[in-house]
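Working notes, beginning with the structure itself.
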Amino acid sequence: MEQLPGGRRLRLASSLGLGQRCWEVTLDDERGLLAWRDPRPPRRGADNCFVPTSEIIAVEETELNKKQRSIGKWQKMAKPHAFTVYYVKKARNHRWRCRDVTFWCADEILCNQWIQALKELLEMQTCRPKQLLVYINPYGGKRQGKRIYEQKVAPLFSLASISTDVVVTEHANHAKDNLFEVNINKYDGVVCVGGDGMFSEVMHGLIGRMQKDSGIDQNNPKAPLVQCNIRIGIIPAGSTDCVCYSTVGISDPVTSALHIIIGDCQPLDVSSVHQNNTFLKYAVSLLGYGFYGDVLKDSEKKRWMGPMRYDYSGFKTFLSHHYYEGTISFQPAKHTLGSPRDKDSCRTGCYICKESERQLAEQRKKCGFKHEDEEEWKVIKGKFLAINVVNMCCACPRSPKGLSPAAHLADGSADLILVRKCSRFDFLRYLVRHTNKDDQFDFSFVDVYRVKSFQFTSKLSEDNESSVTDIGKKHFGQFCRDHPACCCNIANSTWNCDGETLDSSAIEVRVHCQLMKLFARGIEENCKDEAAYSHSSVEQLL
Ligand SMILES: CCCCCCCCCCCCC/C=C/[C@@H](O)[C@H](COP(=O)(O)O)NC(=O)CCCCC
Ligand SMILES: Nc1ncnc2c1ncn2[C@@H]1O[C@H](COP(=O)(O)OP(=O)(O)O)[C@@H](O)[C@H]1O
Ligand SMILES: [Ca+2]
């Protein structure tokens with residue numbers, strides 16, 4: 001243990017070989033940093049580096065090969081000893097890569113001391129998974145799931161000494177059904193390789209299993225659900241990969257594998273969808289009626305086209321320009337500080353999410369769950385091209401800022417976006433704004449609300465007197481006068497529930513704050529310097 005002038009203690013500090021030169025290498029327990037510094041006077045572009053120990057993937061003793069030994073100082077040494085540190089390197093656009101650095105020295109004891117110290121620090125990272133259950137959908141996206149897992153992910157898991165049980169699914173719902181049977185306590189996490197549909201399957205399996213084991217009846221829309229503490233990791237290999245993109249900032253299998261390895265944790269809100277006291281689905285990203293429901297329904301017939309099916313069906317649905325009539329009732333989310341029109345987005349360690357969770361827990365402690373139903377309901381009746389309820393921003397490569405850029409991952413609320421009947425040209429303007437920086441809510445025909453529960457009944461369903469509850473009817477006096485109902489009767493749309501179709505014209509939705517957790521950390525603030533962890537000011541850290 002080395003003592004620094006400020007009283008700070010270093011676990012190890014040695015002069016070690018790196019390439020052809022000697023570097024000052026330090027392991028700082030207190031700050032959790034491994035750093036290496038060129039001891040020569042600082043030059044421009046000098047490569048001084050540090051890696052947080054929480055981002056070290058593995059450490060291994062290394063045999064130097066003949067070529068390495070024949071250059072520089074090696075040749076003078078009888079038997080140099082070396083070790084390699086594998087770590088996360090952050091590149092641009094939230095992309096992470098695994099890099100390695102090999103240090104050498106003449107002293108075997110010193111080399112072993114370093115390996116031992118680094119391994120001890122890795123052992124102390126208790127949030128890291130040791131045993132994972134992996135489900136691969138071989139037919140998701142471009143049908144590359146198996147190859148992506150085997151070539152890009154499995155080698156990283158094995159480097160990080162993570163054991164895996166891998167199931168390649170043979171049919172839809174294979175993963176979900178399997179999760180009700182396996183000895184789940186054996187695992188530190190579940191990984192799904194596929195798209196949003198596959199993620200949804202795994203989530204249903206895990207949440208469902210948790211409620212079953214705790215004796216909670218999922219059919220009761222008011223039941224306080226039991227939080228699911230087993231984290232899910234998503235290796236993106238689907239068509240939209242919106243959940244991965246919105247929680248990591250990129251859909252990239254290697255980046256996601258590294259977030260899993262270092263044991264990141266991101267809580268996530270989940271919405272439950274019911275009809276007449278019957279549980280239908282859970283949703284974490286988009287629950288969309290009208291445009292996105294119709295796109296999904298049409299695209300399912302074109303699965304053979306791969307991800308392109310959405311472009312084809314998107315264009316076709318846009319041309320059809322169907323609108324749907326119905327009644328929406330919702331409870332505004334008063335517990336959260338945020339609003340859908342905020343300029344700031346949800347980022348790693350989000351203050352709004354933390355504060356909203358705290359507020360909600362406090363309210364529930366004071367008044368209980370039952371009180372919530374009695375809170376104010378707003379009712380809107382009209383003709384809509386799209387009704388979207390989103391629990392997260394829903395960013396994806398097609399729309400990098402998403403359907404609701406300021407939505408939060410874990411604030412116990414969802415954003416309700418209502419796109420009223422408008423001209424084709426206006427709807428196109430609205431859609432195009434998802435792909436650029438302009439505000440997609442700045443239109444007279446678009447309204448957005450932050451809600452904690454929501455109900456929808458289509459006009460057709462109302463006419464058939466099969467509405468889900470009578471809350472809407474009780475509040476008909478509050479109908480928006482600018483958009484009175486018309487008597488036009490057209491068919492119902494379908495719900496797009498995280499990429500799964502749901503045929504129900506009367507639903508009841510409730511947001512469950514932080515019901516589950518992902519191996520992710522939310523989108524990090526983009527910082528150019530953090531890209532390499534290579535700082536000229538590394539002096540201050542040493
Ligand atoms: C003129 C250009 C208009 C472009 C508009 C682009 C708007 C894109 C917003 C996409 C939001 C996506 C929300 C997520 C949905 C997914 O859950 C779902 C299933 O994903 P997966 O299982 O990975 O296939 N994807 C979709 O519903 C695709 C919607 C595409 C709409 C064009
Ligand atoms: N082996 C399989 N055969 C057919 N369908 C499957 C299989 N495994 C999973 N699925 C289903 O495929 C659907 C879509 O999967 P997903 O991975 O989301 O791909 P995509 O993003 O292309 O839609 C999911 O609803 C999932 O239930
Ligand atoms: Ca939310």
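For the numbers below, each heavy atom of this structure counts, side chains included, while hydrogens, waters and symmetry mates do not. When a ligand or atom number is given, it counts from 1 through the structure's own listing order.
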message: Using a 4.0 Å cutoff against the non-hydrogen atoms of Gly140, which atoms of ligand 2 qualify?
response: 17 (O), 19 (O), 22 (O)
- request: Answer yes or no: is there a donor N or O on one side and an acceptor on the other, between the side chain of Thr278 and the main chain of Asn276, under 3.5 Å?
  value: yes
message: What I want to know is whether His434 and ligand 1 share at least one N or O pair that is separated by under 3.5 angstrom.
response: no
task: Report, in ascending order of atom number, the atoms of ligand 2 lying under 4.0 Å from any heavy atom of Gly238.
output: 21 (O)
query: Do any N/O atoms on Asp196 end up under 3.5 angstrom from N/O atoms on ligand 1?
result: yes
field: Protein non-hydrogen atom below 4.0 angstrom of atom 2 (C) of ligand 1 present
entry: no
query: How wide is the angle at the Ca ion (ligand 3) between O of Ser413 and OD2 of Asp269, to the nearest 10°?
result: 90°
task: Answer side chain, backbone, both or neither: which part of Glu201 comes under 4.0 Å from ligand 2, heavy atoms only.
output: side chain
message: Counting non-hydrogen protein atoms only, what is the nearest one to atom 31 (C) of ligand 1? Give residue, atom name and distance.
response: Tyr292 CE2, 3.7 Å
- line: A student checking ligand 1 against Asp498 at a 4.0 Å heavy-atom cut-off should list atoms 17 (O)
message: For atom 4 (C) of ligand 1, what's the nearest protein heavy-atom neighbour? Residue, atom name and distance, please.
response: Thr435 CG2, 4.0 Å
- line: At under 4.0 Å between heavy atoms, what of Asp241 touches ligand 2? The answer is neither
message: With a cutoff of 4.0 Å, is Ser239 in contact with ligand 1, counting heavy atoms of the residue only?
response: yes
- prompt: Among protein heavy atoms, which lies nearest atom 5 (N) of ligand 2, and at what distance?
  reply: Ala172 N, 3.7 Å
statement: Per-atom filter on ligand 1: closer than 4.0 angstrom to a heavy atom of Gly197 are 22 (O)
query: Quick one: angle Asn391 O - the Ca ion (ligand 3) - Asp411 OD1, to the nearest 10°?
result: 160°
- prompt: Any idea which protein heavy atom is nearest atom 18 (O) of ligand 2, and the distance to it?
  reply: Gly197 N, 2.9 Å
task: Please identify which atoms of ligand 2 are closer than 4.0 Å to at least one heavy atom of Glu500.
output: 24 (C), 25 (O)
- request: Report the nearest protein non-hydrogen atom to atom 15 (O) of ligand 2: residue, atom name, distance rounded to 0.1 Å.
  value: Asn137 ND2, 2.9 Å
No-hydrogen, no-angle side-chain donor-acceptor test under 3.5 Å, Ser453 and Gln331: yes
query: Against heavy atoms of Cys242, which atoms of ligand 1 measure under 4.0 Å?
result: 14 (C)
- request: Just jot down the ligand 2 atoms closer than 4.0 angstrom to any heavy atom of Gly194, in number order.
  value: 17 (O)
query: Would you say the ring centroid of Tyr282 lies under 6.0 angstrom from that of Phe279?
result: yes
message: With a heavy-atom distance limit of 4.0 Å, tell me whether His174 approaches ligand 2 through its side chain, its backbone, both, or neither.
response: neither
field: Shortest protein contact, atom 8 (C) of ligand 1 (heavy atom only)
entry: Ser399 CB, 3.9 Å
query: So does Met392 have any N/O/S atom less than 3.0 Å away from the Ca ion (ligand 3)?
result: no
- line: Logged contact type for Arg309 with ligand 1, heavy-atom cut-off 4.0 Å, is side chain
query: Is it the side chain (CB and beyond), the backbone, both or neither of Lys176 that lies under 4.0 Å from ligand 2, heavy atoms counted?
result: neither
message: Can you report which non-hydrogen protein atom sits closest to atom 10 (C) of ligand 1, along with the distance?
response: Cys396 SG, 3.8 Å
- prompt: Please state which protein non-hydrogen atom is closest to atom 32 (C) of ligand 1 and give its distance, to 0.1 Å?
  reply: Tyr310 O, 4.1 Å
- prompt: Just by modelled atom types, is the Ser356 backbone N or O under 3.5 Å from a matching donor or acceptor in the Thr336 side chain?
  reply: no
query: At a 4.0 Å cut-off, with the gap strictly under it, does some heavy atom of Arg309 reach an atom of ligand 2?
result: yes
- prompt: Under 3.5 Å, is there a donor-acceptor pair linking the side chains of Thr501 and Glu300?
  reply: no
query: Is Glu201 reaching over with its side chain to a backbone N or O of Lys176, donor-acceptor style, under 3.5 angstrom?
result: yes
task: Among all protein heavy atoms, pick out the one at the shortest distance from atom 25 (N) of ligand 1; state its residue, atom name and that distance to 0.1 Å.
output: Thr240 OG1, 2.9 Å
statement: The closest protein heavy-atom partner of atom 5 (C) of ligand 1 is Leu431 O, 3.9 Å
- line: Asp196 heavy atoms within 4.0 Å reach ligand 2 at atoms 18 (O)
Any donor-acceptor N/O pair, Thr435 side chain to Val432 backbone, under 3.5 Å: yes
task: Heavy-atom contacts with Ser239 under 4.0 Å: which atoms of ligand 2 show up? List them by number with element.
output: 20 (P), 21 (O), 22 (O)
task: Please find out if less than 6.0 Å separates the ring center of Phe384 from that of Tyr323.
output: no
query: Phe456 and Trp495: aromatic ring centres closer than 6.0 Å?
result: yes
message: Given Arg303, Glu170, His171, Arg143, identify the one with the heavy atom nearest to atom 23 (O) of ligand 2.
response: Arg303
3.0 Å cut-off met by an N, O or S atom of His408 to the Ca ion (ligand 3): yes
field: Protein heavy-atom partner closest to atom 3 (N) of ligand 2 - residue, atom, separation in Å
entry: Tyr139 CD1, 3.3 Å
field: Gly499 heavy atom under 4.0 Å from ligand 2
entry: no
- prompt: Which of the atoms in ligand 2, numbered in the order shown and given with their element, are less than 4.0 Å from a heavy-atom of Gly141?
  reply: 19 (O), 20 (P), 22 (O)
query: Is the Ca ion (ligand 3) under 3.0 Å from any N, O or S atom of Asp415?
result: no
query: Closest non-hydrogen protein atom to atom 17 (O) of ligand 2, residue and atom name please, with distance?
result: Gly195 N, 2.8 Å
query: Under 4.0 angstrom from ligand 1, any heavy atom of Met392?
result: no
task: Output yes when a side-chain donor or acceptor of Asp269 lies under 3.5 Å from a complementary backbone atom of Asp411, and no otherwise.
output: yes
- prompt: With respect to atom 27 (O) of ligand 1, which of Leu286, Leu296, Asn496 exhibits the smallest heavy-atom separation?
  reply: Asn496
- prompt: Centres of the Phe445 and Phe427 rings: under 6.0 Å?
  reply: no
- prompt: In the protein, what heavy atom is nearest to atom 8 (N) of ligand 2, and what distance, to one decimal place, separates them?
  reply: Thr169 OG1, 2.7 Å
- prompt: Who's the nearest protein heavy-atom neighbour of atom 19 (C) of ligand 1, and how far?
  reply: Gly499 CA, 3.3 Å
